[in-house]
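Working notes, beginning with the structure itself.
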Amino acid sequence: MKVEDVLAEAMAAHVADVQATPSLGREVRRRHRSHVIRFRMAGAALATALVAVAAPAMLNSAEPAKTQHAATGTDRAVVDSVIVPRVVGKHVAEAVETLKQAGLVVNDPETTTDTGLVRMQSPAAGQEVTKGTNVQLTVGPESSVPQDLGDLGDGRKFGGIHVGYLPEGLEWGKWSGKNGFGKTSYTTTFVEPGQEEGFYAVQVVVFTGEASKQIAQRLTTFSSKGAETTDIGGKRAYLTKVTEGGEVAAEDDNVSTSTIGWTLRRGLAVEVYISPDYAKKIDAGDELKKIAEGIEPVK
């Protein structure tokens, strides 16, 4: 038998049981405080290493390298992985270049052409991911927060309301945003101590003037699509999970955002969100009601 035939048979046996690892996927929906940028992490691309096959002629193959699992002795395909760098706080252009140099990509054209600072990233810094993974960025204005809302103190009084109740252990996220949810809208967040910058546990959005009409419209739309309604201070409110596209989600949907919204008075409405991650630690529906009942308008 010729050397070429022996090599061909060896290579065929070598790749017979190789399986590629599944693509990575994650959806983290974060309403940003300045821009309403929702995001999902796309499935990660797998990179295959070239394997040099030792032979008299030093032939090269495009076959993935294999390593042997210590416990089972089975062969596994080897893929390139990288550690996600921290780009929160960087200008968008700098962040995109930093990720590119690390072997990662930012596929969203709207993000790559935006200006301002990165307020949130997913996957988070320090995570090990496959080379070529798409990183989702949430961008905020360059101006320092809390922008023009003034010194919010503990963050509970802003945009014409006072937040009286919050789940135990939460603290103000020390930032605020204006007009990100429509003209004359205001927002801030409350976080768990030590929570990474850009992430939140509870977010409160205040809609005033024309912006407040959005909530009345959502109440009609959401209730017609089966969303639960409840009473908050004598006002009808919707209590539901909302998808990235702004639709009512299934009750068992664990990646959509738990939301309550209602009108306090003419020209003043509020929405409160609990992040999907934080919702796994508490009774989101019960806590949303308590937060809503503790919000009062102020002069």
Side-chain angles (χ1 to χ4, degrees), residues 27-40 120 122 138 155-156 158-161 163-167 170 173 176-177 179-182 185-192 195 198-208 211-233 235-265 268-297:
E27 189 275 349
V28 180
R29 184 252 189 214
R30 312 274 184 232
R31 275 187 187 252
H32 189 256
R33 281 42 79 177
S34 308
H35 289 277
V36 188
I37 302 178
R38 299 168 178 158
F39 49 91
R40 280 198 303 264
M120 188 184 331
S122 177
T138 301
R156 291 180 178 241
F158 74 103
I161 67 162
V163 181
Y165 170 83
L166 287 170
L170 296 189
S176 63
N179 297 339
F181 293 78
S185 65
Y186 310 89
T187 186
T188 195
T189 55
F190 300 91
V191 302
E192 296 180 273
Q195 194 165 18
F199 289 81
Y200 73 101
V202 172
Q203 180 169 0
V204 181
V205 183
V206 179
F207 302 81
T208 66
S212 67
K213 295 179 180 179
Q214 298 179 54
I215 303 306
Q217 292 170 352
R218 286 174 200 163
L219 177 59
T220 300
T221 301
F222 288 174
S223 59
S224 69
K225 294 184 177 181
E228 177 186 347
T229 58
T230 188
D231 181 274
I232 300 297
K235 306 291 184 180
R236 191 165 172 244
Y238 50 84
L239 177 62
T240 187
K241 291 182 179 179
V242 179
T243 67
E244 289 182 356
E247 299 294 329
V248 174
E251 184 59 34
D252 59 354
D253 185 336
N254 294 322
V255 296
S256 294
T257 302
S258 300
T259 305
I260 191 169
W262 75 107
T263 299
L264 279 80
R265 65 187 184 198
L268 181 64
V270 178
E271 263 190 335
V272 181
Y273 321 124
I274 288 180
S275 72
D277 288 342
Y278 188 57
K280 296 174 183 177
K281 304 176 182 180
I282 60 173
D283 184 332
D286 185 56
E287 291 297 329
L288 281 174
K289 289 179 182 178
K290 291 179 180 178
I291 295 170
E293 290 167 351
I295 291 179
E296 298 178 346

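Just so it is clear, the model here is predicted, and its values are computed rather than measured.
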Applying side chain to side chain donor-acceptor pair (under 3.5 Å), can you list everything that pairs with Asp253, at least two apart in sequence or on another chain? Ser256
Using 0.5 Å steps for rounding, measure from the CD1 atom of Ile232 to the CG atom of Leu239. 8.0 Å
At what distance, to the nearest 0.5 angstrom, does OH of Tyr200 lie from CD1 of Ile274? 9.0 Å
Could you tell me which non-hydrogen atom of Arg265 sits nearest to which non-hydrogen atom of Pro297, and how far apart they are? NH1-CB, 3.7 Å
How close do Thr188 and Gly155 get, counting heavy atoms only, and between which atoms? CG2-O, 3.8 Å
What residues form a side chain to side chain donor-acceptor pair (under 3.5 Å) with Thr208, not counting sequence neighbours? Thr184
Side-chain touch Ser275/Thr257, heavy atoms, less than 4.5 angstrom: no
Does a side chain donor of either Glu271 or Thr259 reach within less than 3.5 Å of an acceptor in the other side chain? no
Residue pair Val272 / Val163, side-chain heavy-atom distance below 4.5 Å: no
Ser185 side chain to Val206 main-chain N or O, any donor-acceptor pair under 3.5 Å? no
Results of salt bridge (charged side-chain N to carboxylate O under 4.0 Å, His left out) for Glu293 - residues two or more places apart only: none
When rounded to the nearest 0.5 Å, the distance separating CG of Asn179 from OG1 of Thr187 is 11.5 Å
Going by the rule salt bridge (charged side-chain N to carboxylate O under 4.0 Å, His left out), which residues pair with Glu296 if we only count those two or more places apart in sequence or in a different chain? none
Of all heavy-atom pairs linking Phe199 and Val191, the shortest is O-CG1, 3.4 Å
What closest approach, in Å, do Lys289 and Glu228 show between heavy atoms, and which atom pair accounts for it? NZ-OE2, 3.8 Å
The single option from Asp283, Ile260, Val202 that satisfies side-chain contact (heavy atoms from CB on, under 4.5 Å) with Leu288 is Ile260
My understanding is that only one of Thr230, Asp231, Leu219 makes a side-chain contact (heavy atoms from CB on, under 4.5 Å) with Arg236; could you say which? Leu219
Tell me, with the steps shown, if Ile161 and Tyr186 meet side chain to side chain contact (heavy atoms under 4.5 Å, CB included). CA-CA 10 Å; Ile161 67 162; Tyr186 310 89; over 6 Å; no
Partners passing side chain to side chain contact (heavy atoms under 4.5 Å, CB included) against Lys281 (at least two apart in sequence or in another chain): Glu192, Tyr278
Using the test side chain to side chain donor-acceptor pair (under 3.5 Å), find all partners of Glu247 that sit at least two apart in sequence or belong to another chain. Lys225
Can you name the closest pair of heavy atoms from Pro276 and Asn254 and give their distance? CB-O, 3.8 Å
Sequence neighbours left out, what passes salt bridge (charged side-chain N to carboxylate O under 4.0 Å, His left out) with Lys235? Give chain and number order. none
Residue list, salt bridge (charged side-chain N to carboxylate O under 4.0 Å, His left out) with Asp286, at least two apart or on another chain: Lys290
Residues passing the side chain to side chain donor-acceptor pair (under 3.5 Å) test with Gln195, sequence neighbours excluded, are none
Report the residues that fulfil ring pair (Phe, Tyr, Trp, His ring centres under 6.0 Å) with Tyr238, sequence neighbours left out, ordered by chain and then residue number. Phe222
Tell me, please, which residues at least two apart from Ala269 pass side chain to side chain contact (heavy atoms under 4.5 Å, CB included). Phe207, Ser212, Ile215, Thr263
Mind jotting down which residue pairs meet the ring-ring contact (aromatic ring centres under 6.0 Å, His included) criterion with at least one end in residues 242-262? Sequence neighbours excluded, please. none
